[in-house]
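Take a look at the structure below.
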Amino acid sequence: MAESTMPGVADAAAARVGRYRWVICGLLFAATAINYVDRQMLGVLKETLHAEVGWTEIGYSNVVFWFQTAYAIGYLGFGKLVDRIGARFGYAIAFVIWTIAHMAHGGVHSVTQFAMVRFGLGIGESGNFPAGVKAVTEWFPAKERALAVGIFNAGANVGAIVTPLIVPALTLAYGWRMAFVITGAASMIWLVAWLVIYRRPTESTKVSAAELAYIQSDPADPVAPMPWLNVLFRRETWAFALGKFFIDPIWWMYIFWLPDFLGKSYHLDLKTFGPPLVAVYVLSDVGSVLGGWASSRMIKNGRTVNFARKSTMFVCALCVTPIFFAQWIDNLWLAVLIIGVAAAAHQAFSANVYTLPSDLFPRSAVGSVIGIGGTVGAIGGMIFSLYIGQILARIGTYTPIFIVAGCAYFVALAAIHLLSPKLARAETI
């Protein structure tokens, strides 16, 4: 009986210390939603732009490739930058770069120009997760980080839900060029809120002494920061990085090719594929939060971080496997359910992968680890994008693509486990 009441007691204690840290999580959620609106607009407008710009399947995959190339470069740079200057200004710099590049889409006229502005967008958007995870590491104790990452990562799904709802309407009313300009200009409200509100917990006047003590309740980090090359050659870094390498390409596929799959398989267009896309990303939103909550709950209940993270990821990998059959399903909404569950499992898996750097490294190294892993994940996305373009151009079916998607999470989990069998912290090795 005593054991069953302990989680409730712990939750009550957490409530008494204050909840201002969740305001910060809300800002991260909003920024990630904006990030994904800007990112996904290309996929939603693919057929519209195909008619106007005249790109082929391979041309489109090349535009996506250059976005991911920039994302790989920028992730590495922003990882180091946010460790050096902090999340507040690191995030602001990234946001300004990606918003300017996003609005510049409204002035391009060719595939080459699209590739150029997408490159700029990739540089800026690469700062979102290094800065966001850095902020979570500053504001949350280890037992809450997976949940916090899951919540702010759910902003990706909200962005993906909003995009097919607002972008077709803006495009039909004002044209696709103004759709880029309007969405970019509106998002600048977030930048003002971020700069006004965000401070480190020790610098914020909104945090009570009790909440600050709760945030800082983990064992103290080593005083000396870890050199970047030391971080680069750690097995723990590559456990995270290879996890990203295998799973990130699958999420890119959803963002950039899911509208195309629905259009070609079920004859949907700019006016009709909104509800199926919304359904997929609503499910993935649930998965993001649930995946973070599940491992956080197990840790609060006394399970090890190693068990909590890996068992959650294994269940997620199992939930993805029905996507093998998505190409062969005639019923639209059954296909949407299968893809939605797979997307939810991805986000739950990803929420736990994103928490690994803070599980394995001191706070001073988290941004660098995230940057290295994000770069490796983007390289995986680059390779997979070229593969998708070739598959669709040569055989015109998504079946081989979905087979890869169904296997990727087991491979990622195996890599994580082989490189970090106990998820032991790097500084203790």
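Excluded from the calculations below are hydrogen atoms, water molecules and symmetry mates; all remaining heavy atoms, backbone and side chain alike, are included. Everything numeric in this text was worked out from a predicted model, so none of it was measured.
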For a ring pair (Phe, Tyr, Trp, His ring centres under 6.0 Å) check, start with the C-alpha distance between Tyr198 and Trp194, then their side-chain angles and the critical distance, and finish with the verdict. CA-CA 6 Å; Tyr198 190 86; Trp194 176 255; 4.4 Å; yes
Lys264/Glu47 under salt bridge (charged side-chain N to carboxylate O under 4.0 Å, His left out): CA gap, chis, key distance, verdict: CA-CA 11 Å; Lys264 289 178 177 175; Glu47 290 306 311; 5.5 Å; no
Walk me through whether Trp55 and Phe114 qualify under ring pair (Phe, Tyr, Trp, His ring centres under 6.0 Å). CA-CA 10 Å; Trp55 53 29; Phe114 262 105; 5.4 Å; yes
Does the pair Phe95 and Trp98 meet the rule for a ring pair (Phe, Tyr, Trp, His ring centres under 6.0 Å), with working shown? CA-CA 5 Å; Phe95 191 90; Trp98 98 53; 4.9 Å; yes
Pair Phe261-Phe402, ring pair (Phe, Tyr, Trp, His ring centres under 6.0 Å): steps then yes or no: CA-CA 11 Å; Phe261 168 73; Phe402 288 147; 5.2 Å; yes
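Of all the heavy atoms in Ser385 and Gln68, the pair that sits closest is OG-OE1, 2.7 Å. When all heavy atoms of Ile93 and Leu81 are compared, the closest pair comes out as CD1-CD2, 4.4 Å. Contact between Phe180 and Gly106 at its shortest, heavy atoms only, is CB-N, 4.0 Å. When all heavy atoms are compared, the tightest approach of Cys319 to Val341 is O-CG1, 3.7 Å. Nearest approach of Gly43 to Tyr60, heavy atoms of both residues: CA-OH, 3.5 Å. Nearest approach of Ala185 to Met103, heavy atoms of both residues: N-SD, 3.9 Å.
Residue-environment remark: OH (Tyr20) exceeds the threshold of 12 foreign heavy atoms within 6.0 Å. Residue Met116 qualifies as open at atom CE: its count of foreign heavy atoms under 6.0 Å is 12 or below. Heavy-atom contacts from other residues, nucleotides or ligands closer than 6.0 Å to CH2 of Trp176 number more than 12. In the displayed structure, Asn331 atom CG is contacted under 6.0 Å by more than 12 heavy atoms of other residues, nucleotides or ligands.
With contacts defined as side-chain heavy-atom distances shorter than 4.5 Å, the pair Leu423/Lys310 qualifies. Between Ile388 and Ser61 the shortest side-chain heavy-atom distance does not fall below 4.5 Å. Phe78 places none of its side-chain heavy atoms less than 4.5 Å from the side chain of Lys134. In this structure the side chain of Gln327 reaches within 4.5 angstrom of the side chain of Thr397, judged on heavy atoms. A heavy-atom distance below 4.5 Å is found between the side chains of Pro276 and Leu332. Between Val53 and Val108, every side-chain heavy-atom pair lies at or beyond the 4.5 Å cut-off. You'll find the side chain of Trp22 reaches within 4.5 Å of the side chain of Leu147, heavy atoms only. Under the 4.5 Å side-chain criterion, counting only non-hydrogen atoms from C-beta, Leu356 is not in contact with Glu236.
Rounding to the nearest 0.5 Å gives a distance of 11.5 Å between CG of Leu413 and CZ of Phe246. To the nearest 0.5 angstrom, Ile255 atom CD1 is 9.5 Å from Leu277 atom CG. Within the model, atoms CD1 of Ile73 and OG of Ser126 stand 9.5 Å from one another, a figure rounded to the nearest 0.5 Å. The OG1 atom of Thr183 lies 4.0 Å from the CE atom of Met41; values are rounded to the nearest 0.5 Å. To the nearest 0.5 Å, atoms OH (Tyr214) and OG (Ser208) are separated by 12.0 Å. For the atom pair OG1 of Thr237 and CG of Leu242, the computed distance is 10.5 Å after rounding to the nearest 0.5 Å.
Not a single donor-acceptor pair under 3.5 Å links the side chain of Ser420 to the backbone N or O of Ile416. In this structure, the side chain of Gln113 engages the main chain of His109 through a donor-acceptor pair within 3.5 Å. Between the side chain of Ser204 and the main chain of Pro201, no donor-acceptor pair closer than 3.5 Å is present. A donor-acceptor distance shorter than 3.5 angstrom exists from the side chain of Thr321 to the backbone of Leu318, with no hydrogens or angles considered. A donor-acceptor pair under 3.5 Å links the side-chain atoms of His105 to the main chain of Ala101, judged by distance alone.
When only modelled atom types and interatomic distance are considered, Thr312 and Asn352 share no side-chain donor-acceptor pair under 3.5 Å. For the 3.5 Å distance criterion, the side chains of Asp260 and Tyr398 qualify, holding a donor opposite an acceptor.
The aromatic rings of Tyr91 and Trp190 sit tilted, their planes meeting at an angle between 30° and 60°. Taking the six-membered ring where tryptophan is involved, the planes of His346 and Trp251 are essentially parallel, since the angle between them stays under 30° and well short of 60°.
Arg199 has no carboxylate O lying under 4.0 Å from a charged side-chain N of Glu138, or vice versa, which leaves the two without a salt bridge. Taking 4.0 Å as the cut-off between side-chain N and carboxylate O, Arg88 and Glu203 do not count as a salt-bridged pair.
Note that Arg118 lies in the cation-pi zone of Phe67, set by a 6.0 Å cut-off to the ring centre and a 45° limit from the axis.
Proximity of the aromatic rings of Trp257 and Phe384 is defined here by a centroid distance below 6.0 angstrom, and this criterion is not met.
Within the structure, ring-ring contact (aromatic ring centres under 6.0 Å, His included) contacts touching residues 149-168 (residues at least two apart or in different chains) are Phe129-Phe152.
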